[in-house]
Amino acid sequence: MKLTFIGSTSEEGNCPTLYETPTGDIVVQGYRLEDDEALGQLRDVLPGEAFVVVPRDLLTRFAPRN
């Protein structure tokens, strides 16, 4: 699958970063959520799902405008 780079709030080439798939889905690169209390509050977690933490600025800066 080819990913298209959307943007990043990192100035040093590290995460967090957003990518788009050919189907229009978004791939989020970020640091894995490892806080047990926070993980315990997640709903309807399916096998294979992972959770990452990204700054709000990353999502608002690169959100579609239309």
Side-chain angles (χ1 to χ4, degrees):
M1 169 188 330
K2 181 182 182 320
L3 297 179
T4 302
F5 173 79
I6 296 175
S8 177
T9 54
S10 173
E11 296 180 14
E12 298 180 17
N14 298 320
C15 59
T17 304
L18 296 177
Y19 301 90
E20 185 173 357
T21 70
T23 62
D25 290 334
I26 303 300
V27 175
V28 179
Q29 175 186 353
Y31 291 108
R32 183 180 17 216
L33 177 63
E34 295 181 337
D35 181 277
D36 289 334
E37 182 179 0
L39 289 168
Q41 297 175 57
L42 298 172
R43 301 178 187 187
D44 305 317
V45 178
L46 298 174
E49 289 186 323
F51 306 94
V52 297
V53 179
V54 296
R56 178 179 298 275
D57 182 48
L58 176 69
L59 300 178
T60 58
R61 184 184 304 183
F62 296 103
R65 303 281 190 247
N66 51 12

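Not a single donor-acceptor pair under 3.5 Å links the side chain of Thr17 to the backbone N or O of Gln29.
In this structure, CG on Leu18 lies 12.5 Å from OG1 on Thr4, to the nearest 0.5 angstrom. The CZ atom of Phe62 lies 6.5 Å from the CZ atom of Phe5; values are rounded to the nearest 0.5 Å. Distance check, rounded to the nearest 0.5 Å: CD of Glu34 to CG of Leu39 gives 8.5 Å. Distance check, rounded to the nearest 0.5 Å: CG of Leu3 to CG of Asp25 gives 10.5 Å.
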Table please: side-chain donor-acceptor pairs of residues 45-57 below 3.5 Å, with sequence neighbours left out.
{"unit_1": "Glu49", "atom_1": "OE1", "unit_2": "Leu46", "atom_2": "N", "d": "2.8"}
{"unit_1": "Asp57", "atom_1": "OD2", "unit_2": "Arg61", "atom_2": "NH2", "d": "2.6"}

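Donor-acceptor pairing under 3.5 Å is lacking for the side chains of Ser10 and Ser8.
Taking the side chain as every heavy atom from C-beta outward, Ile6 and Ile26 approach each other to under 4.5 Å.
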